[in-house]
Amino acid sequence: MTATLRNLEGQDDATILREIQSALNGLKFGSVEITVHNGQVVQIERKEKFRLQQSGSKNA
């Protein structure tokens with residue numbers, strides 16, 4: 001897992017929404033968690049799940 005630090009000072013709502021949209025982009029299975037402190041978005045975390053299945057497997 002990697003973390004990227006970004007300066008939040010002066011970020012407007014549009015910038016934060018673009019970051020959230022970026023986290024959602026291409027996500028098929030998983031979640032996006034937004035952490036807020038004192039009314040400010042301070043962290044956006046993306047968790048992606050990959051399910052591996054053998055070809056010809058009939059297990060659901």
Side-chain angles (χ1 to χ4, degrees):
M1 185 185 311
T2 61
T4 303
L5 296 176
R6 297 191 177 136
N7 186 2
L8 294 175
E9 285 187 37
Q11 287 191 349
D12 58 0
D13 289 346
T15 302
I16 293 169
L17 289 172
R18 279 194 299 273
E19 292 292 340
I20 294 168
Q21 185 176 26
S22 176
L24 289 169
N25 190 31
L27 185 65
K28 291 186 179 184
F29 298 98
S31 62
V32 173
E33 181 177 331
I34 302 161
T35 304
V36 178
H37 285 244
N38 293 327
Q40 298 289 321
V41 174
V42 295
Q43 181 173 313
I44 301 168
E45 184 174 343
R46 173 183 165 137
K47 295 179 185 178
E48 190 166 5
K49 305 231 183 232
F50 294 95
R51 295 192 177 135
L52 306 176
Q53 180 176 335
Q54 293 180 348
S55 60
S57 176
K58 294 184 180 184
N59 293 338

- prompt: If we ignore angles and hydrogens, is there a donor and acceptor under 3.5 Å between the side chains of T15 and D12?
  reply: yes
message: As a test of understanding, state which of L27, I20, L24 forms a side chain to side chain contact (heavy atoms under 4.5 Å, CB included) with R46.
response: L27
query: If you look at every heavy atom in A23 and I44, which pair is closest and at what distance?
result: CB-CG2, 4.0 Å
